[in-house]
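Here the structure is laid out as structure tokens; the discussion comes afterwards.
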Amino acid sequence: MTTIQLTLPDGSVREVESGTTGSELAALIGPGLAKAALATVVDGTLRDLASPISEAAQVAIVTDRSPEALPLLRHSAAHVLATAVRELFPTAAIGFGPAIEDGFYYDFDVPRPFTPEDLEAIETKMREVVERDYAFVREEVERTEANTRFADDPLKLERIEELGSDEVISIYTDGPFVDLCRGPHVPTTGRLKHFKLLNTAGAYWRGDERRQMLQRIYGTAWFRKEDLDGYLHRLEEARKRDHRVLGRDLDLFSIQQDVVGPGLVFWHPKGAMIKWLLSRAVEDDNLASGYDLVYTPNVTREELFRISGHIPLYEENQYPVMGAGAGEGDEVRHRVKPMNCPMHTLVYKHHHRSYRDLPVRLSEVANVYRNEKSGTLHGLMRVRGLCMDDAHIFCTPEQAEDEIFLCLDQVERLVREPFGFELDFEVSTRPEERLGDDEAWEMAEGILRRALERKEIPFRVDEGGGAFYGPKIDIKFKDAIGRFWQGPTIQLDFQLPERFDLEYTGPDNAPHRPVMIHRAIYGTLERFIGLLIEHFAGAFPVWLAPEQVRVLPISDEQAEAARDIAQRMKAAGIRAVLDAGHETLNYRIREAETQKVPYMAVVGRREVEGGTLAVRERGAGSKQTVMLLDDFVSKVLEETRSRRLGD
RNA sequence: GCUGACGUAGCUCAACUGGUAGAGCAGCUGAUUUGUAAUCAGCAGGUUAAGGGUUCGAGUCCCUUCGUCAGCUCCA
């Protein structure tokens, strides 16, 4: 019997027999660990506890405190779910069942969709499966054997078909349930203690809308009851930040689907103020960064989008043709614009351009319209009429990397710094349907990566996720319940300059082709404001608050003085509102608090006499600061100017 | 677009198995003049998303359309 040396995470070395399993090793180390052990990590690879270790290696025992533990538990939870479903619905075909962030799901092909009652029954059955404490047993089998074992599971057979000849086909069994699965798993179903099924939804098999729709069940699982309760509580709390609810309660916007249509936003005065402030912030920054401002038509002859290639590629998502012009047979086909790039291209093309002019940077905060599929609409996050802080940079291929670097700076200045957002960077590479040759794509993708690396920004790669004309850097952030949305985007484009035959004259007096960068910093103002609402739970920092100060006279006696104070604030550039209503002071303070106004300035007899204000801060309770009107005005103006985030 | 759930006053929600659509908040009117998170009273508010059907009778049952929510697909 050969012995091998296993190095543990603390650096100590154990000498054991070759073939020792994870659970045996854990038992050697200590009884407490043996009980807590869930799996092993052998030379960086997660493995079952029962799997033998045959050679010298770095070994760590995974317990519920390890970072690998939750995904492991949740993956096993998915199997327990499938075990339960199979007992209750023996004909259910099984699809995929992975762990996901905060939980797991499993897809089933069943004769009828699951009802909420089914879900309860399934959860009860899952608790039985947990109670029975089945071991998860791994087997590695030959292809023919696998095909026999899954003869009744068409979805699994399809999956086996796709496995390469060099791949190991592994099977996991827990009690009556057998699944084709890479593993690993926790040792037994009994390890699953604190879980809950959350909801069901349809999901296309293999994520392909041309294939059948399976029924997906989502659930969540945790090691400790407090964690499960905490998660459910976080979900509850997050729902309170929902921008659709706050948008109505704070009277920021409305979407009047019955009268005007879904996905079309009415910005009420307070929301419009936020939108205007953001537009101004990005336009100020653009002008300071060498951009020019343009305004271009909202409607164009359809031909423009044929030149650009958007038709036929995106025709389905464009609003249909509208007639215009002469009528009587020679009417011209027009389209409302779904994006600005062809328009800006035409501004570029209107002059002969010299290499001395480049980069030409054209910016426009513009409304565009996209006929998004009905099921994708979502509050402000996904709309049909959207306002982009769009810009297009025309430059030489050599300048592109620096220009992208500068765009990333703008993201830093306008998004990360002022709001403290956590951003997720992603490079999307060439898609299947695309224009241009591989050489151009290769170069473009390289330029994007280098700009990010130079800025030392870590990023993920979304293979095949690029636009049809070029690769892009997409920057994503999370909404209140953890869903990712695309915000800023920077796209490099060699194709539209080609299609529109753009040129500049080089130092050699010969024509050259520029490249184009499409870039939006906030992305769409609608989505960005939706995210801001959730980020701040409606309590905007002073510089963005549509109403900065509410002036509250204590009684009618101070109404005139308060009116005067509010007027002086407004004259100084502060967004102040007087509430001299006949309600009690308590009522009006509550009103201002629920409307999330950052400052309340209470004016009573003492304040009128002293030329002061009793200032109450949003969320600070009854704590108040008495200060001179002029001092308060300077304070608010300074916080506005510096875009202070608040405490 | 697809799957499922849902749609009652501006908002939150009632109305037993089909039998007179109701309450709180918000709104309006009046009284109250208030010192840091809801003063009191009265009034008004609805073609129950829209359209069709079954029935003596439909908010409730059936069909169609529109929309909302969750997820899938898509996102120039």
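Sequence lines set the chain letters: A, B, ... in the order given, protein chains first and strands last, and positions in each chain run from 1.
- Looking at heavy-atom distances under 4.0 Å, A/Asp258 makes no contact with the nucleic acid at all.
- Closest non-hydrogen pair, A/Ile490 versus A/Cys407, comes out as CD1-CB, 3.6 Å.
- Separating the P atom of B/U17 from that of B/A31 is a span of 47 Å, rounded to the nearest Å.
- Look at the C1' atom in both B/G52 and B/G45: the space between them is 29 Å, to the nearest Å.
- Projected onto RNA chain B by closest heavy-atom contact, A/Leu214 and A/Val626 fall at different nucleotides, the more 5' of which corresponds to A/Leu214.
- Residue-environment remark: CD (A/Glu316) stays at or below the threshold of 12 foreign heavy atoms within 6.0 Å.
- The same atom, P, is picked in B/C56 and in B/C66; the two are 32 Å apart, to the nearest Å.
- Across all strands shown, A/Glu607 has heavy atoms under 4.0 Å from base atoms, whether or not it also approaches the sugar-phosphate.
- We find that CZ of A/Arg248 is positioned 12 Å from C1' of B/U68, with the value rounded to whole Å.
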Reading nucleotides 71-76 of chain B from 5' to 3' and marking B where a protein heavy atom lies under 4.0 Å of the base, S where only the sugar-phosphate is that close, and - otherwise, the string is BBBBBB

So A/Arg206 and A/Tyr204, side-chain hydrogen bond (donor to acceptor under 3.5 Å, both in side chains) or not? Walk me through it. CA-CA 6 Å; A/Arg206 308 311 297 272; A/Tyr204 299 110; over 6 Å; no

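- One interatomic measurement links the two molecules: NE2 of A/His582 to C1' of B/U39, which rounds to 10 Å at whole-angstrom precision.
- For the OP1/OP2 pair of B/C69 and a distance below 4.0 Å, the side-chain nitrogens and oxygens of A/Arg244 include at least one atom meeting the criterion.
- B/A21 and B/U48 have their C1' atoms separated by 8 Å, given to the nearest Å.
- With A/Glu593 as the fixed residue, the side chain to side chain donor-acceptor pair (under 3.5 Å) test singles out one of A/Arg616, A/Arg618, A/Arg550, A/Arg588: A/Arg616.
- Tested against A/Tyr599 for a side-chain contact (heavy atoms from CB on, under 4.5 Å), the candidates A/Val549, A/Ile574, A/Val551 yield a single pass: A/Val549.
- Closest to the A/Ser374 side chain, of the nucleotides B/U34, B/A38, B/G1, is B/G1.
- Side chains of A/Glu607 and A/Thr612: a donor-acceptor N/O pair is absent below 3.5 angstrom, by distance only.
- Between the CD1 atom of A/Ile255 and the C1' atom of B/G10 there is a distance of 17 Å, given to the nearest Å.
- Defined by atom type and a distance below 3.5 Å, a donor-acceptor pair is missing between the side-chain atoms of A/Asp107 and A/Trp205.
- At whole-Å resolution of the value, CZ in A/Arg384 and P in B/G67 are 7 Å apart.
- Nucleic acid contact for A/Ala614: base, since at least one base atom lies under 4.0 Å from a heavy atom of the residue.
- Heavy-atom distances to RNA chain B give each of A/Arg616 and A/Ser555 a nearest nucleotide, and the one nearer the 5′ end belongs to A/Ser555.
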How does RNA chain B look in dot-bracket form if you count Watson-Crick and G-U pairs under 3.5 Å, write [ ] for pairs that cross, and put | where a base pairs with another strand? (((((((..((((.....[..)))).(((((.......))))).....(((((..]....))))))))))))....

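- Between A/His310 and A/Tyr469, the ring planes lie perpendicular to each other; the angle is over 60°, past the 30° to 60° tilted range.
- Residues A/Asn371 and A/Asn317 bring no donor and acceptor atom of their side chains to less than 3.5 Å of each other.
- Regarding A/Arg590, its CZ atom lies at a distance of 12 Å from the P atom of B/C25, rounded to whole Å.
- If you measure from atom CE of A/Met381 to atom P of B/U68, you get 16 Å, rounded to the nearest angstrom.
- Between B/G59 and B/C72, the two C1' atoms lie 33 Å apart (nearest whole Å).
- Side-chain nitrogen and oxygen atoms of A/Tyr587 include at least one within less than 4.0 Å of the OP1 or OP2 phosphate oxygen of B/A26.
- Within 4.0 Å (heavy atoms only), A/Glu591 reaches no atom of the nucleic acid at all.
- Applying the 6.0 Å contact sphere to CZ of A/Arg301 captures no more than 12 heavy atoms from other residues, nucleotides or ligands.
- To the nearest whole angstrom, the two P atoms, one in B/A14 and one in B/A9, are 13 Å apart.
- Using cut-offs of 30° and 60° for the angle between ring planes, the A/Tyr348 and A/Phe394 rings count as parallel.
- Comparing the P positions of B/U8 and B/C13 gives a spacing of 10 Å, expressed to the nearest Å.
- The CZ-C1' distance, from A/Phe114 to B/A70, rounds to 16 Å in whole Å.
- At whole-Å resolution of the value, CZ in A/Arg606 and C1' in B/U34 are 14 Å apart.
- As rounded to the nearest Å, B/U60 and B/U20 have P atoms that lie 14 Å from one another.
- Applying the 4.0 Å criterion to OP1 and OP2 of B/U68, one finds that A/Gln257 has a side-chain N or O inside that range.
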